[in-house]
Amino acid sequence: MVALVDCNNFFVSCERIFNPALEGRPVVVLSNNDGNAVARSQEAKDLGIKLGQPLFEFQELVDKHHITLFSSNYTLYGDMSNRVMEGLRQFTPHIEVYSIDEAFLDLSRMPYDLQEYSNRIKKTIRKNTGIPVSVGVAPTKTLAKLANHMAKKHPRHKAKGFFILDSGNREKILQEFPIGEIWGIGRAHAERLQKHGVQTAYDFTQLPERWVKEHMSVVGLRLQKELLGQQCLSLALIQPAKKGMCTSRSFPKKVTSLGELQEAVSTHASRCAEKLRKQNSCANQVTVFINTSRFNEPAKLYSNSITVTLPTASNSTLKVVQYALQGLKLIYRADYDYKKAGVFVSGIVPAQQVQQDLFEPAVNDGLLMKTLDKLNARFGNGKVQLASAGLKKEWQLKRSLLSPHYTTCLKDVIKVSIG
DNA sequence: TCTGGGGTCCTAGGACCC
DNA sequence: TCTGGGGTCCTAGGACCC
């Protein structure tokens, strides 16, 4: 059996731990640049605020119902996530951290009563971290996702916060489960399936394999088998190395000048190089991309990217920035209002396996980069940077509603006064 | 006026190999 | 009318996830 443990309204729950007065009140966490809703408390969901909805669309509700808003505080959420995952590892080392707020646990060797075990996971995580979680247990990952959905949403089960799906109740649950809610069925497939008369997960399991293969490739076939209780997706117990890494940000205002774009690209490229060093790897390619707002009228749309291949794979900030800026010059067009810039590194190889150039001497700024990383770790991210990353950074994120870094910064630690 | 930031996998088609 | 039989690698685009 597989368990999926998923944090409830994760970002909102993180904020509430350090601000308990928000318990029972509507709370929304916004995306970067305070653009749209990325997490909502149950009370905010009940007011009709949708996931991904832009703030300007529900500002009226905010004023009327005194909804508390937060900018995203990923430093806090990342740290709280680590605490939750560490807590889960106490139950079993066989765990796949699937996203910032959920993990699959392999329970195949667990002799315990699953009801009791799920309940204990839920209670322990809540007690030790303050985060409420839901637990879904089933024979496959896809069914565990479904079981988790039941644990969170189903009127009869959500009070318990866990749900066990097995051969005894599987078919009945599939018959009541809407096709579009299945993990792996997105909007496009849901629409096509509904047109084909498929309304529930059960209907989907009854489709001929030929049809599924033709319209949904092997991905659909796997999904079908998983729903029937046959494991096709294994747990990734070891994190596979990333194939590419991206750093990108939208601008809070329109950016037109090459100078400002260069600052942003230099900043993002530096961050990519840091990420490469952190996992001890190097990249062979650097891609830089810029685009205008996708909501612009067609005449004002522009989006372009370019991939530069490095002579030798590198994780040096100097190199990654240099090639990213070279690329930027080639795709920059004046007369556009840019909304976003980003850098993507790919062709990733372990740092020990970099193929050196036969004729060029190897650049060795490893010590410099190590020093840079140490300084930034000690004095704060971005304390030491390249001049090209700019000092004013007027293009930088808007985060006017940011909560303190309660768990990762000494000056932000909560003060308690007694008496 | 205002709309996020990351990732993965699969397929088809083209270029190329012997 | 008929035009071999295998392969690999790369890319773009589409679908999905959180």
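To find a chain, count down the sequence lines: A is the first, B the second, and so on, and within it residues start at 1.
If you check every strand for non-hydrogen atoms under 4.0 Å, A/Lys254 touches sugar and phosphate atoms only. Nucleic acid contact for A/Leu51: none, since no nucleic acid atom lies under 4.0 Å from a heavy atom of the residue. Residue A/Asp101 is in sugar-phosphate contact alone, with no base atom involved, counting any heavy-atom pair closer than 4.0 Å across all strands shown. At a threshold of 4.0 angstrom between heavy atoms, the contacts of A/Thr247 are confined to the sugar-phosphate backbone, with no base atom among them. Backbone-only contact: A/Gly244 has heavy atoms under 4.0 Å from sugar-phosphate atoms and none from a base.
Using cut-offs of 30° and 60° for the angle between ring planes, the A/Tyr74 and A/Phe11 rings count as perpendicular.
Between A/Lys340 and B/dT3, a side-chain N or O to OP1/OP2 separation shorter than 4.0 Å is absent. The phosphate of B/dG5 (OP1 or OP2) has a side-chain N or O of A/Ser250 nearer than 4.0 angstrom. Remark: A/Lys145 is in phosphate contact with C/dC18, judged by side-chain N or O atoms under 4.0 Å from OP1 or OP2. The phosphate of C/dC17 (OP1 or OP2) has no side-chain N or O of A/Ser99 nearer than 4.0 angstrom. The phosphate of B/dT1 has neither OP1 nor OP2 within less than 4.0 Å of any side-chain N or O from A/Lys253. For A/Arg222, no side-chain nitrogen or oxygen approaches OP1 or OP2 of B/dC9 to under 4.0 Å. For A/Arg192, no side-chain nitrogen or oxygen approaches OP1 or OP2 of C/dA15 to under 4.0 Å.
Comparing C/dC16, C/dC17, B/dG4 by their nearest atom to the side chain of A/Arg294 picks out B/dG4. You'll find that the side chain of A/Trp183 is closest to C/dC18, out of B/dG6, C/dC18, B/dT3. Side chain of A/Ser217, nearest nucleotide from B/dC10, B/dG6, B/dC2: B/dC10. Candidate nucleotides B/dT8, B/dC10, B/dG4 were compared by shortest atom distance to the side chain of A/Tyr74, and B/dG4 ranks first. Comparing B/dT3, B/dT8, B/dG5 by their closest approach to the side chain of A/Lys243 singles out B/dT8. Closest to the A/His189 side chain, of the nucleotides C/dC16, C/dC17, B/dG4, is C/dC16. Set against B/dG5, C/dC18, B/dT11, the side chain of A/Tyr98 has C/dC18 as its closest nucleotide. Among the nucleotides B/dG7, C/dA15, B/dG4, the one closest to any side-chain atom of A/Lys242 is B/dG7.
Taking atom CZ of A/Arg399 as the reference point, atom C1' of B/dG4 lies 13 Å away to the nearest angstrom. In this structure, CD of A/Glu191 is placed 15 Å from C1' of C/dC16, rounded to the nearest angstrom. Separating the CZ atom of A/Phe295 from the C1' atom of B/dT1 is a distance of 13 Å, rounded to the nearest angstrom. A/Ile100 places its CD1 atom 11 Å from the C1' atom of B/dG6, with the value rounded to the nearest Å. Atoms NE2 (A/His215) and P (B/dC10) sit 20 Å apart, rounded to a whole Å. Rounded to a whole Å, the CD atom of A/Gln53 is 17 Å from the P atom of B/dC2. Atom CE of A/Met85 and atom P of C/dC18 are 13 Å apart (whole Å). The separation between A/Leu221 atom CG and B/dT11 atom P is 10 Å, rounded to whole Å.
Taking the charged nitrogens against the carboxylate oxygens, A/Lys300 and A/Asp337 have no contact shorter than 4.0 Å, which rules out a salt bridge. One finds no salt bridge joining A/Arg399 and A/Asp34 here, because no Lys/Arg side-chain nitrogen approaches an Asp/Glu carboxylate oxygen to under 4.0 Å.
Taking for each of A/Met245 and A/Val219 the nucleotide of DNA chain B with the nearest heavy atom, the 5'-most of the two is the partner of A/Met245.
Side chain of A/Gln224 to main chain of A/Leu207: a donor-acceptor pair is present (N/O by atom type, distance under 3.5 Å, no hydrogens or angles). Side-chain atoms of A/Asn73 never come within 3.5 Å of backbone atoms of A/Leu402 as a donor-acceptor pair (strictly under, hydrogens ignored).
Going from the P atom of B/dT3 to that of C/dC18 covers 25 Å, rounded to whole Å.
Under the Watson-Crick or G-U wobble criterion, with both distances below 3.5 Å, B/dC18 is paired with C/dG5.
For A/Phe104 and A/Trp183, the ring centers sit closer than 6.0 Å to each other.
Judged by a 6.0 Å distance limit and a 45° cone about the ring axis, A/Lys160 is positioned over the six-membered ring of A/Phe162.
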